[in-house]
Amino acid sequence: MATPRDARTASTANRLRRPRALQPGSLWLYDTARRAFTGLQGLFRVDVITSGLDAVPHGQVVLAITHFGYLDFVPVALTWWEQRRDRLRFLVGPRPYRSRLFGAVITACGGLAVVGQPGHASLSASLAALDAGWSIALFPEAGVSRSFTVRRCHTGAVRMARETGVPLIPVGVWGGHRIMTRGHDVMSKRGGGSLAGLLRAPIRIHFGNPVDLSGSADADDAARRLQAAMQDAADVAARDFALGLPARAWWVPAKFGGGAPTEAERDIWDARDAVNGLRPDRDKM
């Protein structure tokens, strides 16, 4: 007699085999934005160097991306299209949706809003997108890490991978935070990113091996495994960065001798943000 687990396994196998139900012209704004960002990459001669893609299975994936800069999604999306000719559905935090314009643009690009408690509509929407044949990309840390090291991950990514059987891939992005990140952007009055720094700015991406979730005690244990795998991917990218890791540079983690906040200092700032309502737990996956 077939069990619900057998049915889920069969459903997963069928989903991975069948083509995505995508209507002609769908996500036209995603493709428009992709072409625009590709043009800007060429204009500013931004060199994106990737590694590890050979170990990433073809077909659907859940990409768990480090979040050190505001624009880290761009090189990942462009690389994924260039190498796999596939679009990604990004999970996006609630703040951009406070603007009707930005919210509409994100939705038109296939974005999925992250709002609510664990087990909320965001997870259901992500599972529905996976069932429809899409690949999902998200930032499990739920916010930019000031220390430029990986924070504790929320459990949404591992729950998606466990529910569907889709491979969970850690992705380390390094270098984009030099242009725009928390407290260091093109409008910052202190040492930080700039449009001038964008010219010929190298960006390094490393795709890690699929995270083995078997044997995890629970979702929190699996999330800790994901955090470690994402940090490993980020370290690979950082150690092979074209500009090196200059001592005391603001964009280099303290563990590498840089001037970024330590993880303890980062946690203090994050706690202050939570008190001020900037990082409400109800809006995390």
**Student:** Hey, are the side chains of Cys109 and Thr32 touching, using non-hydrogen atoms and a 4.5 Å cut-off?
**Tutor:**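 A side-chain contact is absent here, since even the closest heavy-atom pair is not under 4.5 Å.
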**Student:** Does anything in residues 244-255 pair up under salt bridge (Lys or Arg N to Asp or Glu O under 4.0 Å), and if so which pairs, sequence neighbours excluded?
**Tutor:**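 Every salt bridge (Lys or Arg N to Asp or Glu O under 4.0 Å) pair that includes a residue of residues 244-255, provided the two are not neighbours, is Asp235-Lys255.
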**Student:** If I compare all heavy atoms of Ile169 with all of Pro210, which pair ends up nearest, and what's the gap?
**Tutor:**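 Minimum heavy-atom separation between Ile169 and Pro210: CD1-CG, 3.6 Å.
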**Student:** With sequence neighbours excluded, what pairs up with Asp220 under the salt bridge (Lys or Arg N to Asp or Glu O under 4.0 Å) test?
**Tutor:**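 With sequence neighbours excluded, Asp220 shows a salt bridge (Lys or Arg N to Asp or Glu O under 4.0 Å) to no residue whatsoever.
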**Student:** With sequence neighbours left out, write down each residue that passes ring-ring contact (aromatic ring centres under 6.0 Å, His included) with His206, or none if nothing qualifies.
**Tutor:**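 His206 satisfies ring-ring contact (aromatic ring centres under 6.0 Å, His included) with no residue once adjacent residues are dropped.
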**Student:** Determine yes or no for a side-chain-to-main-chain donor-acceptor pair under 3.5 angstrom, with Arg87 supplying the side chain and Gly110 the backbone.
**Tutor:**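 Here the side-chain-to-backbone pair does not exist.
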**Student:** Go through the steps for Leu168 and Arg225 under the test side-chain contact (heavy atoms from CB on, under 4.5 Å), then give the verdict.
**Tutor:** CA-CA 11 Å; Leu168 177 60; Arg225 293 190 184 192; over 6 Å; no
**Student:** Centre of Trp269's six-membered ring, under 6.0 Å away, within 45 degrees of the axis: is that where NZ or CZ of Arg272 sits?
**Tutor:**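 Yes, a cation-pi geometry.
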**Student:** Any side-chain heavy-atom pair from Ile205 and Trp80 closer than 4.5 angstrom?
**Tutor:**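 The answer is no, as the side chains (C-beta and beyond) never meet within the 4.5 Å cut-off.
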**Student:** Do you know the tightest heavy-atom contact between Ala223 and His154?
**Tutor:**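 Of all heavy-atom pairs spanning Ala223 and His154, the closest is CB-O, 4.1 Å.
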**Student:** Do any N or O atoms from the side chain of Thr66 and from the backbone of Val173 form a donor-acceptor pair under 3.5 angstrom?
**Tutor:**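 Checked: pair present.
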**Student:** To the nearest 0.5 Å, how far apart are OG1 in Thr50 and CG in Leu78?
**Tutor:**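 That separation rounds to 12.0 Å.
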**Student:** State whether the side chain of Gln60 and the backbone N or O of Val166 hold a donor-acceptor pair below 3.5 Å, judged by distance alone.
**Tutor:**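 Between the backbone of Val166 and the side chain of Gln60 there is no qualifying donor-acceptor contact (under 3.5 Å).
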**Student:** Apply side-chain contact (heavy atoms from CB on, under 4.5 Å) to residues Ile65 and Phe90 and explain how you reach the verdict.
**Tutor:** CA-CA 10 Å; Ile65 308 169; Phe90 280 88; 4.0 Å; yes
**Student:** Taking salt bridge (Lys or Arg N to Asp or Glu O under 4.0 Å) as the definition, give me every residue that meets it alongside Arg89, ordered by chain and number, with sequence neighbours left out.
**Tutor:**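 With neighbours one apart ignored, the set is empty.
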**Student:** Mind checking the CG-CD1 spacing from Leu101 to Ile106? Nearest 0.5 Å is all I need.
**Tutor:**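 Output value for this atom pair is 9.5 Å.
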**Student:** Below 30° counts as parallel, above 60° as perpendicular, anything between as tilted: where do the rings of Phe148 and His177 land?
**Tutor:**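 If you compare the ring of Phe148 with that of His177, the planes turn out tilted.
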**Student:** With the side chain counted from C-beta on, respond yes when Leu130 and Glu163 share a heavy-atom pair under 4.5 Å apart, and no when they do not.
**Tutor:**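 Not touching, per the 4.5 Å side-chain cut-off.
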**Student:** Under the 3.5 angstrom rule, does the side chain of Tyr30 hit a backbone N or O of Gly111 as a donor-acceptor pair?
**Tutor:**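 No; judged by distance alone, with no hydrogens or angles, the pair does not exist.
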**Student:** Give me the ring orientation class for Trp174 and Phe68: parallel if the planes are under 30° apart, tilted from 30 to 60°, perpendicular past 60°.
**Tutor:**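 The arrangement is perpendicular - the two ring planes meet at more than 60°.
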**Student:** Any luck finding a side-chain donor-acceptor pair between Arg204 and Ser51 under 3.5 Å?
**Tutor:**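 Per modelled atom types, Arg204 and Ser51 side chains form a pair under 3.5 Å.
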**Student:** Would you give the length of the straight line joining atom CZ of Arg84 to atom OG of Ser135, rounded to the nearest 0.5 angstrom?
**Tutor:**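 Separation between the atoms: 9.0 Å.
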**Student:** Please report the shortest heavy-atom distance between Asp270 and Arg146, naming the atom on each side.
**Tutor:**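 Distance-wise, the nearest heavy atoms are OD1-NH1, 3.4 Å.
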**Student:** Are Leu53 and Thr79 side-chain neighbours, meaning at least one heavy-atom pair lies under 4.5 Å?
**Tutor:**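 The answer is yes; the side chains approach within 4.5 Å.
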**Student:** Given Phe44 and Ile179, is the side-chain contact (heavy atoms from CB on, under 4.5 Å) satisfied, shown in steps?
**Tutor:** CA-CA 12 Å; Phe44 287 98; Ile179 291 93; over 6 Å; no
**Student:** What pair of heavy atoms forms the shortest contact from Leu112 to Tyr97, and how long is it?
**Tutor:**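 Looks like C-OH, 3.8 Å.
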**Student:** Output all residues satisfying ring-ring contact (aromatic ring centres under 6.0 Å, His included) with Trp251, sequence neighbours left out; order by chain, then residue number.
**Tutor:**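 Only Phe241 meet the ring-ring contact (aromatic ring centres under 6.0 Å, His included) criterion with Trp251.
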**Student:** With distance as the sole test, does Ser147 use its side chain to make a donor-acceptor pair with the main-chain N or O of Thr262 at under 3.5 Å?
**Tutor:**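 Checked: no pair found.
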**Student:** Return the minimal non-hydrogen interatomic distance between Pro140 and Leu226, and the atom names on each side.
**Tutor:**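 In terms of heavy atoms, the two residues are closest at CG-CD2, 4.0 Å.
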**Student:** Side chains of Pro202 and Arg178: does their closest heavy-atom pair fall under 4.5 Å?
**Tutor:**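 A side-chain contact exists here, since the closest heavy-atom pair is under 4.5 Å.
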**Student:** Report yes or no: does Ser145 contribute a side-chain atom to a donor-acceptor pair with the main-chain N or O of Val150 at less than 3.5 Å?
**Tutor:**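 No, Ser145 side chain to Val150 backbone: no donor-acceptor pair under 3.5 Å.
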**Student:** For Trp81 and Thr38, run side-chain contact (heavy atoms from CB on, under 4.5 Å): C-alpha distance rounded to whole Å, both residues' side-chain angles, the deciding distance at 0.1 Å, then the answer.
**Tutor:** CA-CA 11 Å; Trp81 177 262; Thr38 299; over 6 Å; no
**Student:** Got a sec, which residues hit ring-ring contact (aromatic ring centres under 6.0 Å, His included) with Phe139, two or more places apart in sequence or on another chain?
**Tutor:**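 Testing Phe139 for ring-ring contact (aromatic ring centres under 6.0 Å, His included), a comparison that skips the adjacent residues, returns His67.
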**Student:** In the structure I gave you, are the side-chain heavy atoms of Phe207 and Val61 within less than 4.5 Å of one another anywhere?
**Tutor:**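 Counting from C-beta outward, Phe207 and Val61 never come under 4.5 Å.
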**Student:** Do you know the tightest heavy-atom contact between Thr181 and Gly69?
**Tutor:**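 Looks like OG1-CA, 3.8 Å.
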